[in-house]
Amino acid sequence: MAFSERKMPGICSVFLLVVLFAHSCHGFYLPGSYMHTYSTSDTIVAKVNSLTSIETELPFSYYSLPYCKPLGGIKKSAENLGELLMGDQIDNSPYRFKMNVNESLYVCTTSPLNEHEVKLLKQRTRDLYQVNMILDNLPVMRIAKQNGVSIQWTGFPVGFTPPNSNDDYIINHLKFKVLVHEYEGSGVQIIGTGEEGMGVISEADKKKASGYEIVGFEVTPCSVKYDPEVMTKLHMYDSISPVNCPLELDKSQIIRERERISFTYEVEFVKSDIRWPSRWDAYLKMEGARVHWFSILNSLMVITFLAGIVFVIFLRTVRRDLTRYEELDKEAQAQMNEELSGWKLVVGDVFREPDCAKLLCVMIGDGVQITGMAAVTIVFAAFGFMSPASRGMLLTGMIILYLFLGIAAGYAAVRLWRTLKGTSEGWRSISWSVACFFPGIVFVILTVLNFILWGSKSTGAIPISLYFVLLSLWFCISVPLTLVGGFLGTRAEAIQYPVRTNQIPREIPARKYPSWLLVLGAGTLPFGTLFIELFFILSSIWLGRFYYVFGFLLIVLLLLIIVCAEVSVVLTYMHLCVEDWRWWWKAFFASGSVALYVFLYSINYLVFDLQSLSGPVSAILYLGYSMIMAIAIMLSTGTIGFITSFYFVHYLFSSVKID
């Protein structure tokens, strides 16, 4: 009680400071992009991103189809590293709006479609390709009702194929609804960190910032058959009569050779109570919150169960044995040594150098790098610093973090190498191997996938120039920092073993079942912590959904680290108890084997949840990216398990008195 009474004033003071800070901020917000305010009749131009499909997962340029081009020509937007790697290609478009001016406008009429264009349009329509438009950094949203329930998608289809029909129809008329909020500059300070740069709206800018802000962008797509003879007499942005979306197919625009397609659009501005900081809420509506909580509760039960086992090991078995062992006099100890069984018998072999020691050091180094990258990225994302408004920022941030964490990877690998070998000799080779092992695997897989994407002429293919940029980052930042980390590892004090290693290795008793079966089975426990979040992550990657429940992901990451540590400690102790002193690799794979289940689950997801995915190219892409993810998870979780087990074994045997 006294403790809580002492702490209470401090807690109250901190809470009061937080409240006062929040009050002084007047709505401080990190949305991911700088707020634009527009005056009435200001021109706003929509942009177009790559065409995407959940059937093929191959993005293509918007202008690969015979769409209307802007008057000043196609201009690409500046894209960051993450956007380029994700296959985004953002261009300007001919769709131009004037703030608060409702209008219906003509865009253009194509020349007669040739055989190639018809084939391409039909293929993109049947592969369910979506057109992705962006206005003021907001993706266009399509809302439809099915069985009385409103369903929302980002983007709209290239066309549609009626049931029981071989004909395809193109979407050539768009009804836009732009939601705007009147902004009066009343005490809202906003920071932007997105593509427009960083800025703060201060008191001095309030009058200047007053106007209208865009808080929503919706579309209703239609297919309308126009008379090309009439439409070709019009010029771009000439006014036309408002169009009602036809329900009859004979009034819709069919895709066939020699057809001339006219493109038109309408725009309606609607005032909204949605404030600018909340405009992404419609895209980030969290579904299935109960499922996330169930996943966390399930993980807590697993952790409690494993913690109970670890508790028993420490407080009953280990402590009891050590107490009995240490209280005996030397003569009794000598007599007891003859009758010993279990982990105490391997005291002279437990720190014997493992097989493939160099590979183990390299994998631990890469595991430290990947774990650090994942942890820092998820923490920043959970606190809202990586908004989806900043496209590609998440991937860009991960790459930058990975590059700079090379120093931690080199340090961890070389220090472990010194501990195993007792010397720093060969540390440069270890550092180089760490810098090239995981990135090299990723580079090989991406190169193979890239040749496939190049063959398909997809925008998802990494350009040659970007390849050189990535190689430059790798060899000019990651490799030198890893070597610096390795050098620091040689200067750090090596971890001293608490017991001496015998010259002749002890024979390991034969076992009825191979120990690797237990190691592989142990991966099911960390997988149980991870698999529900894994479903949501895979859905966001492959089904085009936004994933923004990073708070849940942070909790799951912490639980996963605890489960991996506990599983590895329990299995290491079990192996030592049956006099198996080769625990190094088993400790790594006890938790690292979760990667096997992640990869198998990815195949299950491909077969049962991605049934729309069509063609061997799409399947190869999916499996290639899944393989990269599984290898990264293996290195990360294996490292967590190994480091925990190493310190557990060190503590266990440092408590034993050995003559």
Side-chain angles (χ1 to χ4, degrees), residues 31-52 62-63 67-72 74-79 83 88-105 107 130-143 152-158 171 173-183 190 192 194-197 209 211-222 236-237 263-284 387-392 544 546:
S33 65
Y34 188 61
M35 182 178 73
H36 287 280
T37 53
Y38 301 92
S39 301
T40 300
S41 298
D42 278 359
T43 300
I44 319 159
V45 178
K47 296 179 180 179
V48 286
N49 204 340
S50 300
L51 306 172
T52 55
Y62 174 81
Y63 291 108
Y67 285 127
C68 303
K69 295 178 174 59
L71 287 174
I74 301 167
K75 296 174 185 174
K76 296 185 184 300
S77 296
E79 293 168 336
E83 286 177 308
D88 287 352
Q89 183 176 312
I90 302 173
D91 304 311
N92 60 336
S93 81
Y95 294 95
R96 187 184 69 187
F97 310 142
K98 291 181 180 176
M99 176 57 71
N100 281 335
V101 177
N102 299 340
E103 49 191 353
S104 300
L105 301 175
V107 184
Q130 301 283 313
V131 178
N132 300 293
M133 298 186 75
I134 303 164
L135 185 69
D136 193 43
N137 213 27
L138 274 182
V140 71
M141 183 184 290
R142 175 169 55 106
I143 301 174
Q152 61 185 40
W153 293 273
T154 53
F156 58 89
V158 169
I171 299 297
H173 180 75
L174 302 172
K175 289 189 165 190
F176 294 108
K177 183 197 287 186
V178 181
L179 305 180
V180 294
H181 180 82
E182 190 168 3
Y183 176 70
I190 297 178
E195 60 180 13
E196 291 86 359
Y212 295 94
E213 54 201 26
I214 295 171
V215 294
F217 185 35
E218 299 172 8
V219 67
T220 303
C222 308
M236 187 177 281
Y237 305 125
F263 289 90
T264 55
Y265 70 97
E266 300 174 35
V267 58
E268 178 188 8
F269 287 85
V270 178
K271 288 193 176 181
S272 170
D273 293 329
I274 300 170
R275 296 182 65 83
W276 191 83
S278 305
R279 66 183 193 154
W280 274 88
D281 290 358
Y283 300 86
L284 306 178
S387 165
S390 301
R391 288 172 187 79
F546 285 104

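These numbers were taken from a predicted model, which means no experiment stands behind them.
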**Student:** Given 3.5 Å as the limit, does a donor-acceptor pair link the side chain of Asn102 with the main chain of Phe269, or not?
**Tutor:** yes

**Student:** Quick one: does Val215's side chain get under 4.5 Å of Val180's, heavy atoms only?
**Tutor:** no

**Student:** Just by distance, with hydrogens left out, do Ser50 and Asn132 show a side-chain donor and acceptor under 3.5 Å apart?
**Tutor:** no

**Student:** Can you name the closest pair of heavy atoms from Leu138 and Gly216 and give their distance?
**Tutor:** CD1-N, 3.6 Å

**Student:** Rounded at 0.5 Å granularity, tell me how far CD1 in Ile134 sits from CG in Asp88.
**Tutor:** 7.5 Å

**Student:** List the atom of Pro157, the atom of Ile171, and the distance in Å for their closest heavy-atom pair.
**Tutor:** O-CG1, 3.3 Å

**Student:** Measuring only between side-chain heavy atoms, which start at C-beta, is Met133 closer than 4.5 Å to Phe156?
**Tutor:** yes

**Student:** Using the test side chain to side chain contact (heavy atoms under 4.5 Å, CB included), find all partners of Glu218 that sit at least two apart in sequence or belong to another chain.
**Tutor:** Ile143, Lys177, Leu179

**Student:** Are any non-hydrogen side-chain atoms of Trp276 and His36 less than 4.5 angstrom apart?
**Tutor:** no

**Student:** Working to the nearest 0.5 Å, report the span between OG1 of Thr40 and CG of Asn100.
**Tutor:** 4.5 Å

**Student:** With rounding to the nearest 0.5 Å, note down the distance linking CD1 in Ile274 to CD in Glu213.
**Tutor:** 11.0 Å

**Student:** Please walk me through it: do Asp42 and Lys98 pass side-chain contact (heavy atoms from CB on, under 4.5 Å)?
**Tutor:** CA-CA 5 Å; Asp42 278 359; Lys98 291 181 180 176; over 6 Å; no

**Student:** Has Asn49 got a side-chain atom pairing as donor or acceptor with Gln89's backbone, closer than 3.5 angstrom?
**Tutor:** yes

**Student:** Does any part of the side chain of Gln152, heavy atoms only, come nearer than 4.5 Å to the side chain of Arg142, both counted from C-beta?
**Tutor:** no

**Student:** Using a 4.5 Å cut-off on heavy atoms from C-beta on, say whether the side chain of Leu51 contacts that of Gln130.
**Tutor:** no

**Student:** If only atom types and distance count, is the side chain of His181 paired as donor or acceptor with the main-chain N or O of Arg275 below 3.5 Å?
**Tutor:** no

**Student:** For Lys69, is the NZ atom crowded, meaning more than 12 foreign heavy atoms sit under 6.0 Å from it?
**Tutor:** yes

**Student:** Check whether any side-chain heavy atom of Val178 lies under 4.5 Å from a side-chain heavy atom of Val270, and answer yes or no.
**Tutor:** no

**Student:** Please name the pair of heavy atoms, one in Trp280 and one in Asn137, separated by the smallest distance, quoted to 0.1 Å.
**Tutor:** CZ2-O, 3.4 Å

**Student:** Under the side-chain contact (heavy atoms from CB on, under 4.5 Å) criterion, do Ile90 and Val48 qualify, and how do the steps go?
**Tutor:** CA-CA 6 Å; Ile90 302 173; Val48 286; over 6 Å; no

**Student:** Can you name the residues that form a side-chain hydrogen bond (donor to acceptor under 3.5 Å, both in side chains) with Glu266, not counting sequence neighbours?
**Tutor:** His173

**Student:** In terms of side-chain geometry, is the basic nitrogen of Asp136 or Arg279 positioned less than 4.0 Å from the acidic oxygen of its partner?
**Tutor:** yes

**Student:** For Cys68 versus Phe263, what's the shortest heavy-atom pair and its separation?
**Tutor:** SG-CD1, 3.5 Å

**Student:** What distance do Tyr265 atom OH and Leu105 atom CG have between them, rounded to the nearest 0.5 Å?
**Tutor:** 4.0 Å

**Student:** Set out, in order, the CA-CA distance, both residues' side-chain angles and the distance that settles salt bridge (charged side-chain N to carboxylate O under 4.0 Å, His left out) for Lys271 and Glu182, then state yes or no.
**Tutor:** CA-CA 8 Å; Lys271 288 193 176 181; Glu182 190 168 3; 3.8 Å; yes

**Student:** Can you name the closest pair of heavy atoms from Met99 and Tyr38 and give their distance?
**Tutor:** CE-CB, 3.6 Å

**Student:** Going by the angle between their ring planes, with limits at 30° and 60°, are Tyr67 and Tyr62 parallel, tilted or perpendicular?
**Tutor:** parallel

**Student:** Distance check, rounded to the nearest 0.5 Å: Lys47 atom NZ versus Asn92 atom CG?
**Tutor:** 8.5 Å

**Student:** Just so I know, are the side chains of Val219 and Lys175 near enough to count as touching, which here means a heavy-atom distance under 4.5 Å?
**Tutor:** no

**Student:** Does Val107 reach the side chain of Tyr95, with side-chain heavy atoms less than 4.5 Å apart?
**Tutor:** yes

**Student:** Taking all non-hydrogen atoms of both residues into account, name the closest pair between Ala46 and Phe97 and its distance.
**Tutor:** CB-CE1, 4.4 Å

